[in-house]
Protein chains: 4
Amino acid sequence: MVSKPPPDATRRSEKSRRAIYAAALSLVGEVGYPRTTVEGIAARAGVGKQTIYRWWPSKADVLLEAFLDLSRQAAQEAGQEPYAIPDTGDLAADLKAVLRLTVDQLLDPRFEAPSRALAAEGLVNEPLGREFVTKLLEPQLQLYVDRLRAAQEAGEVRAGVDCRIALELFVSPLAQRWLQHTGPISYDYTDTLVEYALHGIASQPPRSA
Amino acid sequence: MVSKPPPDATRRSEKSRRAIYAAALSLVGEVGYPRTTVEGIAARAGVGKQTIYRWWPSKADVLLEAFLDLSRQAAQEAGQEPYAIPDTGDLAADLKAVLRLTVDQLLDPRFEAPSRALAAEGLVNEPLGREFVTKLLEPQLQLYVDRLRAAQEAGEVRAGVDCRIALELFVSPLAQRWLQHTGPISYDYTDTLVEYALHGIASQPPRSA
Amino acid sequence: MVSKPPPDATRRSEKSRRAIYAAALSLVGEVGYPRTTVEGIAARAGVGKQTIYRWWPSKADVLLEAFLDLSRQAAQEAGQEPYAIPDTGDLAADLKAVLRLTVDQLLDPRFEAPSRALAAEGLVNEPLGREFVTKLLEPQLQLYVDRLRAAQEAGEVRAGVDCRIALELFVSPLAQRWLQHTGPISYDYTDTLVEYALHGIASQPPRSA
Amino acid sequence: MVSKPPPDATRRSEKSRRAIYAAALSLVGEVGYPRTTVEGIAARAGVGKQTIYRWWPSKADVLLEAFLDLSRQAAQEAGQEPYAIPDTGDLAADLKAVLRLTVDQLLDPRFEAPSRALAAEGLVNEPLGREFVTKLLEPQLQLYVDRLRAAQEAGEVRAGVDCRIALELFVSPLAQRWLQHTGPISYDYTDTLVEYALHGIASQPPRSA
DNA sequence: GATTAATCGAGACGGTACGTCTTGTCTTAGG
DNA sequence: CCTAAGACAAGACGTACCGTCTCGATTAATC
């Protein structure tokens, strides 16, 4: 007899849930994550604090779900999500195109504050971090894995290359620049990343290949 | 309405400063960053709260300085800091070696908690983030830039390659895996990164090169 | 904007009502009045909260009715209620006897907690206080008035004495000792009260009587 | 290691203490005891909640001290408090006079709400009740005991009468009428009480006296 | 016996206050 | 003047209840 029985989800107020999502996202955008409080979210959503604590264990989880919801919505708005990177036969062009879309999204102010906040919280709060990675990051990365695998089968990528590692060559640099402000983000930059990642930076081919 | 005159640093208590660094680092290691409080640091350091607020604007800044201090100490202990990546003439080998050292440091428990905490806080607290990047990250990255530039002059790296971008091909993937737990970290992994980054993942050379 | 139509009392669940009374009384006895909550009563009674709010305006009213019910029951158990103080012709003896019964009741643990709670709430919540006085206290006091009036007619009590005030001479001291713990309660004590009230404490008769 | 060390009383803010007393008394007067909250007191006093919780365990204790302070002040204002019931040699007159003063005080609106609230809380919260009785009620009652004892030595009161019980004959009825609204309060009423208590209500002297 | 309308147990809801914790400022005493 | 200590105003935390509301599921009186 340690923990409360879980609440009855069938009786949950849809209106409140949406109001909470909206309040959480707008507050994070306006005052930043650390100054966004559960009380503030409840007040702006016109909701009792208990209604938040009933369904989420912390403000980080509220924000995570709110962001997932926002992503889902944005995906729907953007037409039937392809859920795949296009395959025109030209790997470099395809990767450049999809990275340009990612750049656009990273610079969209609706996404910036909450996703940065979630990423930050995820670094320090491991369960949340795992959920963030599992639910948001990995599905995206898997698309790259799929496209690279297809390229590998088509002979465009060297056999033996681990696609899960390969994708990090262009995704991680972009992620780090964005997260840590270690450099500017642009189409040129991502195009360059694709170029370098595909053909390497060395002037000579590897000795034993 | 001017801001307070700065306190007289010549009369500052060295003992307190060191006790505060130690308390901050140990608390972050023990209870995590969010549950580390200024009061807790003051109590463990046997110091008045005002002594902290007099010299640092926030707990993040305390931790940043504490961590810088720790890094300086660790560097000294590790013998006279080379402050350069070795240049044996074999770029791949040199990069692999230095990345292996980085792996060792990332897995050192003394460093893990505070540096992860600082990275997280830096994402969301821009001034701190810039300081973190400027004082800790950039100097490290510059070493890579220098080594790559030397390789470029030696003809090992293609002319026209932007070394600042090139270094991200092996540094950022490692950073992301470590920060966001998106994958395991090992010597094999970093070796592979160097391999891919130097020679690319494509099976064919670029069309117009 | 009229108030709700009153609920249909004919369809009321007798079982629930009794369960609520029992739960209210036992909770007040166990955890005290302030920590007795409507939610707690509902939970212990196995009843929805609305079933309480449908029939009573507040927890104080629940407790008042529960206590009235308990009193009624106790009266029935104690044989056919006399509803009068016996009149043996000896006023002192009759008063002593009935006060001894009152002492017994005040010390009965079933009654103590709820009646003290009701008295307390009544001090601060005037409507409830009036109801408490009207329904519980006054009927009891009236018995004294009747007995004293009879004694007055029999010449045992001085003509001109206001019986409503006279009864307070032995009832109020007992009530105050019990309510405010200002002294112990015993048969000796109430016997003494009767003695003093009947014959006064002065050594001389009044100057002008 | 169970409880906090007590705070350092020498550094206590006198201004805050007085503001808290004033806020507590005015709130109880305006909205009644149950709707007076610690938060409300803190807000009106311009004080942090912790400053209240640091020095008092509950709102009842705040109110008790506030009331004690008010009583002390009122006593000082009323000239050098005699701290004794006058002894003119005429016991009945002296008692009537002091009871009339009590009537005045009971009807003073500054005192009514808080003292009724404290009495109520004391019924149900035994430690507070004992403190209320010890610090406020008993000192008052002792004055009666002293005056009655003097009268007894002067032969005005029958030897053998227990003065502690005797005083209740006129004090308790007044207290009960006031607390429980069981009847009106007036000079006539208290005069009558003294009359009855001194000379009894019986028409005949006791059989064995 | 089926219909129907209100009560029932249950519990989610918008709120308020609780008592605790921490922040960053201010005050006091001591060196 | 810096220091250790800690009281202070402020305000968020997460919990407990309040009194209202909305669900099916009884359930009792009418058809």
Side-chain angles (χ1 to χ4, degrees), chain A residues 4-5 7-13 15-16 19 34-43 45-55 57-59, chain B residues 4 7-13 15-16 34-40 42-43 45-55 57-59, chain C residues 4-5 7-13 15-16 19 35-43 45-55 57-59, chain D residues 4-5 7-13 15-16 19 34-43 45-55 57-59:
Chain A
K4 285 273 176 70
D8 178 348
T10 67
R11 304 189 45 188
R12 184 166 182 183
S13 162
K15 209 176 79 182
S16 294
R35 292 173 46 210
T36 295
T37 65
V38 174
E39 294 208 324
I41 295 171
V47 137
K49 277 203 290 180
Q50 198 56 49
T51 299
I52 296 183
Y53 285 112
R54 188 161 20 240
W55 302 109
S58 72
K59 77 169 171 175
Chain B
K4 283 271 178 70
D8 179 349
T10 66
R11 307 195 46 179
R12 183 168 183 183
S13 161
K15 208 177 78 181
S16 295
R35 291 173 49 210
T36 296
T37 66
V38 174
E39 298 214 317
V47 136
K49 277 201 296 178
Q50 198 55 40
T51 301
I52 295 183
Y53 284 112
R54 204 182 339 266
W55 302 108
S58 73
K59 76 168 172 176
Chain C
K4 282 275 178 69
D8 178 349
T10 66
R11 308 197 43 179
R12 184 168 183 182
S13 161
K15 207 176 78 183
S16 294
R35 290 174 48 210
T36 296
T37 65
V38 174
E39 297 212 318
I41 296 171
V47 136
K49 278 202 293 179
Q50 194 63 270
T51 301
I52 295 183
Y53 284 113
R54 198 175 354 255
W55 302 109
S58 73
K59 76 168 172 176
Chain D
K4 286 273 175 71
D8 178 347
T10 65
R11 305 190 44 188
R12 183 166 183 183
S13 162
K15 208 176 79 181
S16 294
R35 292 173 47 209
T36 295
T37 65
V38 175
E39 295 208 323
I41 296 171
V47 137
K49 279 203 291 179
Q50 198 56 49
T51 299
I52 296 184
Y53 285 113
R54 189 164 14 246
W55 302 109
S58 73
K59 77 167 170 176

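Lettering follows sequence order; numbering is per chain, from 1.
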If you only use heavy atoms from C-beta on, which nucleotide in [options] is closest to the side chain of [X]?
X	options	result
A:Y53	E:dT20, F:dG6, F:dT15	F:dT15
B:E39	F:dC18, E:dC8, E:dT23	E:dT23
C:R11	E:dG24, F:dT27, E:dA17	F:dT27
A:P7	E:dA17, F:dC8, E:dA12	E:dA12

Inter-residue atom distance A:T10.OG1 - A:R12.CZ, 0.5 Å rounding: 11.5 Å

Gap separating the OG1 atom of D:T51 from the NZ atom of D:K49, nearest 0.5 angstrom: 12.0 Å

Side-chain N,O ([X]) to OP1/OP2 ([N]) below 4.0 Å:
X	N	value
D:T51	F:dA9	yes
D:W55	F:dC8	yes
A:S16	E:dA12	no

5'-most by nearest nucleotide on DNA chain F - A:S58 or B:A42: B:A42

5′-ward residue of the pair D:A45/C:T37 relative to DNA chain F: D:A45

Residue closer to the 5' end of DNA chain E, A:S13 versus D:R35 (nearest nucleotide): A:S13

Pairwise 5' ranking along DNA chain E for C:V47 and A:R12, keeping only the more 5' one: C:V47

Where D:K59 and D:V38 come nearest, the two heavy atoms and their spacing: CB-CG2, 3.8 Å

Shortest non-hydrogen separation from D:A9 to D:W55 and the atoms involved: CA-CH2, 3.8 Å

To the nearest Å, give me how far apart [atom1] ([X]) and [atom2] ([N]) are.
X	N	atom1	atom2	result
B:Q50	F:dA5	CD	C1'	11 Å
B:K15	F:dA4	NZ	C1'	11 Å
B:I52	E:dG24	CD1	P	11 Å
B:K59	E:dT22	NZ	C1'	10 Å
C:D8	F:dT27	CG	C1'	13 Å

Sugar-phosphate, base or nothing in reach of A:R54, heavy atoms under 4.0 Å: base

Sugar-phosphate only, base, or nothing, as touched by B:G46 at under 4.0 Å among non-hydrogen atoms: sugar-phosphate

Distance-only donor-acceptor test, B:K49 side-chain atoms vs F:dG6 base atoms, 3.5 Å: no

